[in-house]
Visitor: 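Below are the structure tokens for one structure; questions will follow.
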Amino acid sequence: MNDSAAETSVGALYVVATPIGNLGDMSRRAVEILTGVDRIAAEDTRRTGRLLQHYAIQTPMFSLHEHNERELAARLVEQMAQGQTLALVSDAGTPLISDPGYNLVRAARAAGVEIVPVPGPSALVAALSVSGLPTDHFVFEGFLPSKQAARKARLELLRPESRTLIFYEASHRVLDCLKDMQVVFGVERQAVLARELTKQFETVHAGSLQTLLRWVSDDPNQQKGEFVILVEGEQNAAAHDVNAEAERVLSVLLEELPIKTAAKLAARITGVNKRALYDRALQLKETQS
Ligand code: SAM
């Protein structure tokens with residue numbers, strides 16, 4: 001009996017990571033598990049079908065996506081409790097990471113079903129590992145809201161965060177997202193754009209938000225594909241402590257003066273950090289426009 005048969009002889013849920021682009025990243029264990037289980041729950045059966053075909057895996061498959069997951073979870077858990085083995089896969093990377101599976105795993109755990117991770121690629125870890133940004137502490141934010149007001153509000157909340165920030169972003173929103181990040185985090189905040197990881201046009205570009213925004217705006221090719229955006233955490237939390245009085249002074253000066261001069265004078269008057277005031281002035285101007 002091979003390892004996979006041994007592993008799949010009792011009811012269990014296998015959460016199986018699949019490649020995020022390069023098929024060479026499929027693990028041998030993932031192939032064995034997908035071959036050995038009774039059924040595979042796939043986010044998109046056509047997409048997973050191509051992967052299974054590549055490895056000549058003939059395990060029956062059904063679709064489990066965000067719209068039917070809640071409805072199916074109880075029945076699937078019951079079947080696993082009775083001895084069935086199920087593998088959960090998403091379109092790419094690790095299931096549940098900005099992908100379906102949470103309701104199923106939660107229900108399975110509540111019912112005492114064995115849940116086995118079969119780890120492998122995930123875009124967030126791949127991007128972080130090559131970013132050159134601090135990796136000891138980080139925050140994964142997944143996708144930001146698609147509407148600008150909500151996106152900016154979320155970024156505002158994250159502005160003082162000192163840990164490395166990691167976001168997923170769709171290609172049609174990457175420019176808008178970088179623009180909002182520049183406004184909220186300031187032009188100089190360091191960031192990394194990780195595009196098309198493990199694929200033919202893999203590009204990892206690091207620089208200030210201003211530099212990155214320019215690089216993406218200037219080259220339409222850099223707006224295509226899949227993206228992870230990483231932003232360095234705030235390195236000087238006190239710098240962003242623009243109190244109400246400093247903001248009042250800044251607002252008055254902004255009525256008469258250019259941003260840079262207003263920020264400089266406000267810093268001299270209030271003692272608050274000049275860059276923080278400059279960043280705040282950009283936001284105030286942006287809100288007014
Ligand atoms: N579960 C996946 C994982 O573990 O990474 C993520 C799924 S989420 C629906 C898809 C998003 O992940 C994309 O919009 C992009 O932000 C990111 N992503 C996935 N593959 C990528 C790749 N090869 N390069 C860069 N980002 C990728």
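Residue numbers start at 1 and run along the sequence shown. Only a predicted model underlies this, so the values are computations on that prediction, with no experimental measurement involved. Counting starts at 1 for both ligands and their atoms, in listed order.
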Visitor: Does any N/O atom on Phe227 come nearer than 3.5 Å to any N/O atom on ligand 1?
Guide: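 There is such a contact, yes.
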
Visitor: With only distance considered, is Leu197 within less than 3.5 Å of ligand 1 through an N or O on each side?
Guide: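 Right, the criterion is met.
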
Visitor: Please confirm whether Phe167 comes under 4.0 Å of ligand 1, counting heavy atoms of the residue only.
Guide: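 Heavy atoms of Phe167 never come under 4.0 Å of ligand 1.
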
Visitor: Cation-pi check for Tyr278 against Arg275: NZ or CZ below 6.0 Å from the six-membered ring centre and within 45 degrees of the axis, yes or no?
Guide: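 Because its charged atom misses either the 6.0 Å distance or the 45° angle limit, Arg275 does not stack over Tyr278.
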
Visitor: Return yes when Ala194 approaches ligand 1 closer than 4.0 angstrom through a heavy atom, no otherwise.
Guide: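 Within the 4.0 Å threshold, so yes.
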
Visitor: Please write down residue, atom name and distance for the protein heavy atom closest to atom 20 (N) of ligand 1.
Guide: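 For atom 20 (N) of ligand 1, the nearest protein heavy atom comes out as Glu226 OE1, 3.3 Å.
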
Visitor: Before accepting this row, confirm whether a basic side-chain N of the pair Arg159/Glu156 lies closer than 4.0 Å to the acidic partner's carboxylate O.
Guide: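 Between Glu156 and Arg159 there is a salt bridge, with a charged N closer than 4.0 Å to a carboxylate O.
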
Visitor: Should Glu169 be counted as touching ligand 1, given the test is an N or O pair under 3.5 Å?
Guide: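 Yes: some nitrogen or oxygen of Glu169 is under 3.5 Å from one in ligand 1.
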
Visitor: If we ignore angles and hydrogens, is there a donor and acceptor under 3.5 Å between the side chains of Thr45 and Thr48?
Guide: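 On atom types as modelled, these side chains do not qualify, holding no pair under 3.5 Å.
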
Visitor: Polar contacts were defined as any N/O atom of the residue lying under 3.5 Å from an N/O atom of the ligand; does this apply to Arg195 and ligand 1?
Guide: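 No, Arg195 has no N/O under 3.5 Å of an N/O on ligand 1.
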
Visitor: Using only heavy-atom distances, determine whether the side chains of Arg39 and Gln79 contain a donor-acceptor pair under 3.5 Å.
Guide: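 Yes, because at least one side-chain N or O of Arg39 sits under 3.5 Å from a partner of the opposite role on Gln79.
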
Visitor: For ligand 1, find out whether one of its N or O atoms is nearer than 3.5 Å to an N or O atom of Thr198.
Guide: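 The answer is no, given that Thr198 and ligand 1 share no N or O pair closer than 3.5 Å.
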
Visitor: What protein heavy atom sits nearest atom 14 (O) of ligand 1, and how far off is it?
Guide: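 Ranking protein heavy atoms by distance from atom 14 (O) of ligand 1, first comes Phe143 CZ, 3.4 Å.
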
Visitor: Quick check: Gly93 and ligand 1, any N/O pair under 3.5 Å apart?
Guide: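 Looking only at distances, the answer is no, because the N/O contact criterion of under 3.5 Å is not met.
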
Visitor: In ligand 1, which numbered atoms sit nearer than 4.0 Å to a non-hydrogen atom of Lys199?
Guide: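 What qualifies from ligand 1 is 23 (N).
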
Visitor: State whether the shortest distance between N or O atoms of Ser90 and N or O atoms of ligand 1 falls below 3.5 angstrom.
Guide: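 Ser90 vs ligand 1: no N/O contact under 3.5 Å.
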
Visitor: Specify the protein heavy atom at minimum distance from atom 4 (O) of ligand 1: its residue, its atom name, and the distance to 0.1 Å.
Guide: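 Scanning the protein heavy atoms, the shortest distance from atom 4 (O) of ligand 1 goes to Ser122 OG, 2.7 Å.
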
Visitor: Quick one: look up the protein heavy atom nearest atom 18 (N) of ligand 1 and list residue, atom name and how far away it is.
Guide: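 Among all protein heavy atoms, the one nearest atom 18 (N) of ligand 1 is Ala123 CB, 3.5 Å.
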
Visitor: In this structure, is the centre-to-centre distance between the rings of Phe140 and Phe167 below 6.0 Å?
Guide: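 No.
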
Visitor: For atom 26 (N) of ligand 1, grab the closest protein heavy atom and report residue, atom and distance to one decimal in Å.
Guide: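 Protein heavy atom at minimum distance: Val228 CG2, 3.5 Å.
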
Visitor: Could you check atom 7 (C) of ligand 1 against the protein and tell me its nearest heavy-atom contact, residue, atom and distance included?
Guide: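 The closest one turns out to be Asp99 OD2, 3.3 Å.
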
Visitor: Does Ser146 offer a backbone N or O that forms a donor-acceptor pair with the side chain of Arg173 under 3.5 Å?
Guide: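 Not confirmed, Arg173 side chain does not pair with Ser146 backbone.
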
Visitor: What atoms of ligand 1 come within less than 4.0 Å of a heavy atom belonging to Thr94?
Guide: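 Result: 1 (N), 3 (C), 4 (O).
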
Visitor: Please identify which atoms of ligand 1 are closer than 4.0 Å to at least one heavy atom of Ala92.
Guide: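 Going through ligand 1 atom by atom, the ones under 4.0 Å from Ala92 are 1 (N), 2 (C).
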
Visitor: Output the list of atoms in ligand 1 that are nearer than 4.0 Å to some heavy atom of Glu196, sorted by atom number.
Guide: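 Answer, ordered by atom number: 23 (N), 24 (N), 25 (C).
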
Visitor: For Ile20 and ligand 1, does the shortest N/O to N/O distance drop below 3.5 Å?
Guide: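 The answer is yes, given that Ile20 and ligand 1 share an N or O pair closer than 3.5 Å.
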
Visitor: What residue and atom, counting heavy atoms only, is the protein's closest point to atom 9 (C) of ligand 1, and at what distance?
Guide: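 Here the nearest protein heavy atom works out to Ser98 O, 3.2 Å.
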
